Amino acid sequence: MSSFAGLCSQSPACPTRSSRAFVWTLFLATLLAGALALAAPAAQAQISYDARHRPQADYRLVDTDRFEWIYPAGADTTTALFHNALRRSFQSTRSVVGTDGADFELPVVVDPISGRANGFVTPVNFRSHLFPAHPTFSFGAKFDSWAQTVAPHELTHAMHFEIDSGVGLGGILGLFSGDASRLVHGLAPRGWFEGIAVYRESQLEPEAGRLDAPLQVMKYRAALGSGDPWSVGEVMYGSVFERPSRRHYLGGGQLVEHMAQERGSTDFFRQATRWHHRLPFLGFGMALWMGTGQTPAQLSDSFLSEERQEEQRRLDSLRQVAEQGITDPTVVAGTEGLHVRRPYWLSDSTLVAYASGYATRPGFYRIDAHSGERTVIGHQAITPGYTYALGPDTTSLYFARQHPDLLVPDATTPRMHRLSLQTGEARLLSETGGTFTPARARGGPVWAARRDGSFSELVTLSEEGAIPQAHRPGLRYKQVAPSPSGDTIAVLANAGGTQGLYRFDPSTSTLEPWLRFEGGTIYDVTWGPEGRYVLFAADPSGIANVYALDRRGGDVRRLTTVRYGALEPTLSPGRERVAFARYRHERFELATISFRPESPRPVADIERDWAPRGGLLTASADSAAGGRTGAERRASGTDGASQDGPPSGRDAASLRAQSRPYEAWRHLFPRSATPVLRGAWDLLGASVDGENLGLGPGLKVSGADPLGRWAYNARGFYQADRLWGDVSVETGLLPGTPSLMAFNGPVEAVRETDAGTSRLEAFELRGVRLGVDQRFLFQKNIYSTSLTASLAGGYRQSRPITTGGEAEAGFTGRATIHSDLTFKYRVQKNIRDLVPGTGVRLNASAEVDVLTPTGATPSQYLQQQVDVFWPLLSEHNVGLRTSASFLTQSRRSFFDVQSFVPRGYQGLDGALPGAGNYLRLGAKITQPLWYIDTGSVMLPVAVDALYGYGLGQAQYRVGSGAGPTLGERRASVGGGLGLRLRPFGGMSLNLEIGVSYRIDARGENRWAPHLR
């Protein structure tokens, strides 16, 4: 990316730094009082500490200079890799982010529960989680190890959360809770903090990070080359309904690099982050202006203009150097949003591929090679990388997908399956977890790779499970492909940041290097008919293209020259056509070309039978820990005094020797101490005569240990001349994360007097509550089935009190059981579905008094709702839901039943269901109108979609006599427009405004607007 001069200094409209500082000083003084008023309620509302259930293991603890390592026993080597990656990158990461790292400390959990390659940092209960499993696809192919890929990226996030802003909302919150202050940093647009992390990771190794990796850059380049390049708002807030879904990583990193090259440093990141931390409610645009010296509009114009010019220069250069010209393939299947991956030929006229799209349910499809017509074989999820294989008899497919744990949230492991092409049924091949990229050899076993910490091993499947075949530590396997005869197994693997082809000879059990490029990465491999040709995709030119290896003469020839990327080639049975996946903006097309291996000039920059670094293949374990020399690193990378040598077995042994058992109680010191001011919001509302208890100042302390085995929240306050409080404790040692709460506090309730006026009455409420909350995940495939259940029981006593806290009568007690249940059966959504396209959802909520005062009527409540989602018009992303709800309660509106009332009746008190039984029937259709899918840096919100909707609802009173009589109907039909929003880029919210026609209106206007 070219650097260029800043535009702001040339524009007279841009204020000088001194004038901006003066304006902002006055503005800040005006808003400071409001920030002070918001700080305590914000901290009180946002900070919550929860326990987390996870598989019980012997977790160990090691304290190092700046990191507190928590890892399961036996993961010493993996932890040493992470530890050294963080130590080597600490000082340079600090210089990029701009954190004052003098007192920086970070708990790091080496977390083996997920089979997905990932890592994250959480600002609440501040810590980092690093998952050891390496990716099953080629992300980070030029990094020495998965540890070097993920650890510095997450360290960048942790340092971002630690930037101190000084005076402002975030700084005030920090006086009470460091986690609350960090949470304000988390309100920044995702493209901002992912952009700086991607920029940082791209400095670690030459051409290794996402800003240089061809399979990542191609998506950004394709967007630039399209008619609709990403704006600053789009890269800041990422995409929900547009592919690629992680554009905030790609575009955010490019934007940060653009600003860094323009200014010569990354000081702007710290400056903009500090301003946002001070005044987050103003949106990110003001902070961006103060940090960069450019308005968002100026920044967006300069960014897009320069990047599009650079992309045009790249395309012009590519056309000039292409010997055979730009490849113009026959596109078999290619529409906006459609991804067709990993094709295989079933015959010269039919292919099988994995496809998904905006309105295409993911799964395996049979595709006509001439018309592109698709026929579904089976809807199945698959591991990233799409490394499935066609069986040697072409009657079945072998693939792996993630299997969730029934009880532990986010715990997954990949397992292998066989899919019949005739029936579409899939069956599990083995219970062995951690296995992926399966492929059956002709007349032989199923070959695969199995996870081994941050690396993997080559195995075969048998009745006894997975049997290791090649003991070669330090490899990251990507794909296993037996030859048509089964005498050779082609293996795509990565050793110390070099990804190439290996071959395994089953007769001698030897694995040896076969083919790689000096400056490129090989991404996949397939065998042609009879095994003469081996096809693969590689990127020695900086763009992934299709290559063919002729095993007879040994020539390697490039078959394509594409603009962005070509992957996963496969040769037809007649050796006439090559099918592959070609990337263009928002799509992977299924394309074909004629197979002419003798036409292109042989490729020269390849290595055959190379000697692995260090002379031994097993030495890649040390190489993976960081064995490249400083001369090979970027000048702005990680070389310097802060680097350490590569971890060895002694490092793992040292960690093991220094470790001690993890004890949760040592980490339960309060993490937050936030002020409490009960009754503060009453000052803003309308006053009601009666026993107003006034303000209740106090303090809330909370904490949890890093593993989430224990969490607690305790609150005390002074109100009505008395001390009150509550305390809750939750544990993750058991499924359901049981919680116990004890409370004693005042309650104000508005009651109607005999004269019809409202009066405020005060009560003392005390008691205990015990609850459990558990999600059971039965299936997480294309269709998901789960059950979420909570059960709570409690005993509470209440009595009326005066404004001075004195009792006016004795206690009366109630014991209550409450339960909630949500069951989802085979629910599925495509990328652009606003509501599920198919499935059933059942919700049930109930509460009953099991012990009541003498003469009192027990309170009982039950609400059930069944929603059925229909796949009609699913090709247009239309959502159709029919629902039936039943409500029974012993008291009028004792529970919140506003949502039970049909649209248009919510504002009528007489429409609220009273004591008795009620039935509601309804239907709603949702039609997307515009996928906006962008954010605003001036307002802290992302706008995702505009949609229209129509609905009809009818509510009946069910008779309690002998027959199921219905009466007192209230029905309406209506429609309107809806907007899907993400405040601060977080959870999606729907805002709907419309009009209802009240069919059964009694004396009121039949037309009523509604907003929800």
Side-chain angles (χ1 to χ4, degrees), residues 54-55 57 72 111-118 131-137 146 341-342 352 354 356 362-364 377-391 396-421 423-441 444-469 475-482 489 491-493 775-786 826 828:
R54 62 177 56 246
D111 201 339
I113 69 169
S114 177
R116 300 182 183 273
N118 202 358
F131 299 133
H134 71 77
T136 57
F137 60 109
W146 169 238
R341 302 298 303 273
R342 193 76 59 175
V352 61
Y354 192 88
S356 63
F364 296 99
I377 299 171
H379 296 298
Q380 295 287 336
I382 195 171
T383 52
Y386 307 94
T387 51
Y388 75 95
L390 181 65
S396 58
L397 301 175
Y398 295 84
F399 70 99
R401 66 174 176 86
Q402 296 287 346
H403 281 244
D405 188 275
L406 178 64
L407 299 175
V408 180
D410 301 323
T412 60
T413 184
R415 290 191 173 94
M416 298 187 297
H417 298 257
R418 177 185 181 274
L419 176 73
S420 171
L421 292 178
T423 65
E425 295 182 359
R427 66 177 181 87
L428 192 65
L429 283 177
S430 172
E431 291 289 344
T432 303
T435 51
F436 60 99
T437 187
R440 180 177 289 279
V446 174
W447 293 80
R450 181 174 64 178
R451 291 267 173 71
D452 181 16
S454 292
F455 304 98
S456 47
E457 60 182 347
L458 185 67
V459 299
T460 57
L461 290 185
S462 69
E463 296 180 356
E464 292 77 21
I467 302 174
Q469 295 296 320
L475 288 182
R476 289 174 279 162
Y477 290 93
K478 303 298 178 179
Q479 188 184 354
V480 180
I489 312 299
V491 178
L492 179 64
R775 185 186 187 201
F776 303 89
L777 192 53
F778 301 107
Q779 183 185 40
K780 189 177 182 181
N781 199 348
I782 299 303
Y783 302 97
S784 294
T785 300
S786 65
R826 290 182 64 80
Q828 189 270 336

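Note that the structure is predicted; figures quoted are calculated from it, not measured.
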(message) Tell me whether Asn781 contacts the main-chain N or O of Ala381 through its side chain, where contact means a donor paired with an acceptor under 3.5 Å.
(response) yes

(request) Hey, could you give me the CG/OG distance between Leu390 and Ser396, rounded to the nearest 0.5 Å? (result) 7.5 Å

(message) To the closest 0.5 Å, what do you measure between CZ (Arg826) and CD1 (Ile782)?
(response) 10.5 Å

(request) For residues Leu406 and Phe778, determine if any side-chain heavy atom of one lies less than 4.5 Å from a side-chain heavy atom of the other. (result) yes

(request) Supply the atom-to-atom distance Arg415 CZ to Thr383 OG1, rounded to the nearest 0.5 angstrom. (result) 14.0 Å

(request) Could you point out which residue of His134, Arg450, Arg451 forms a side-chain hydrogen bond (donor to acceptor under 3.5 Å, both in side chains) with Ser456? (result) His134

(message) For the backbone of Arg418 and the side chain of Arg427, can you confirm whether one donor and one acceptor N or O come within less than 3.5 Å of each other?
(response) no

(message) If you compare all heavy atoms of Leu419 against all heavy atoms of Gly424, which two are closest, and at what distance to 0.1 Å?
(response) CD1-O, 3.1 Å

(message) Once salt bridge (Lys or Arg N to Asp or Glu O under 4.0 Å) is applied, do any residues pair with Arg341, and if so which ones, sequence neighbours excluded?
(response) Glu568

(message) Ignoring hydrogens, what is the shortest heavy-atom contact between Pro438 and Ala448? Give both atom names and the distance.
(response) CA-CB, 4.0 Å

(request) Write down the atom of Leu461, the atom of Met416, and the distance for their closest heavy-atom approach. (result) CD1-CE, 2.7 Å

(request) Taking atom types as modelled, find out whether Gln469 and Thr460 have a side-chain donor-acceptor pair closer than 3.5 angstrom. (result) yes

(message) For a quick test of reading the model, state the closest non-hydrogen atom pair linking Ala449 to Val480 and the distance between them.
(response) N-CG2, 4.4 Å

(request) Please tell me if the side chains of Gln402 and Arg116 come closer than 4.5 Å, counting only heavy atoms from C-beta onward. (result) yes

(message) Main chain of Pro132, side chain of Ser454: is a donor-acceptor contact present, judged purely on distance under 3.5 Å?
(response) yes

(request) Measure from the side-chain N and O atoms of Thr412 to the backbone N and O of Ser114, and report whether any donor-acceptor pair falls under 3.5 Å. (result) no

(request) Flag the pair Ile382 / Phe364 as yes when at least one side-chain heavy-atom distance between them is below 4.5 Å, and no otherwise. (result) yes

(request) Answer yes or no: is there a side-chain heavy-atom contact under 4.5 Å between Thr136 and Thr437? (result) no

(message) Can you tell me how far apart CG (Asn118) and CG (Asp111) are? Round to the nearest 0.5 Å.
(response) 10.0 Å

(request) Return yes if some donor-acceptor pair links the side-chain N/O of Lys478 with the main-chain N/O of Ala493 below 3.5 Å, else return no. (result) no

(request) Kindly compute the distance separating CG (Asp405) from CZ (Arg54), expressed to the nearest 0.5 Å. (result) 12.0 Å

(request) Could you check if a side-chain atom of His417 sits within less than 4.5 angstrom of a side-chain atom of His403, using non-hydrogen atoms only? (result) yes

(message) How close do Ser786 and Leu777 get, counting heavy atoms only, and between which atoms?
(response) CB-CD1, 3.7 Å

(message) Test your reading of the model: is there a side-chain donor-acceptor pair from Tyr388 to the backbone of Arg342, 3.5 Å cut-off?
(response) yes

(message) Does any part of the side chain of Trp146, heavy atoms only, come nearer than 4.5 Å to the side chain of Pro135, both counted from C-beta?
(response) yes

(message) Test side chain to side chain contact (heavy atoms under 4.5 Å, CB included) on Val459 and Trp447; report intermediate values, then the result.
(response) CA-CA 6 Å; Val459 299; Trp447 293 80; over 6 Å; no

(message) If you define the side chain from C-beta out and look only at heavy atoms, does anything of Leu458 sit under 4.5 Å from Leu475?
(response) no

(message) Testing the basics here: between Ser462 and Ile467, what is the closest heavy-atom pair and its distance to 0.1 Å?
(response) OG-CD1, 3.2 Å

(request) Answer yes or no: is there a side-chain heavy-atom contact under 4.5 Å between Phe399 and Tyr354? (result) no

(message) Measuring from atom CZ of Phe137 to atom OG1 of Thr387, what distance do you get when rounded to the nearest 0.5 angstrom?
(response) 11.0 Å

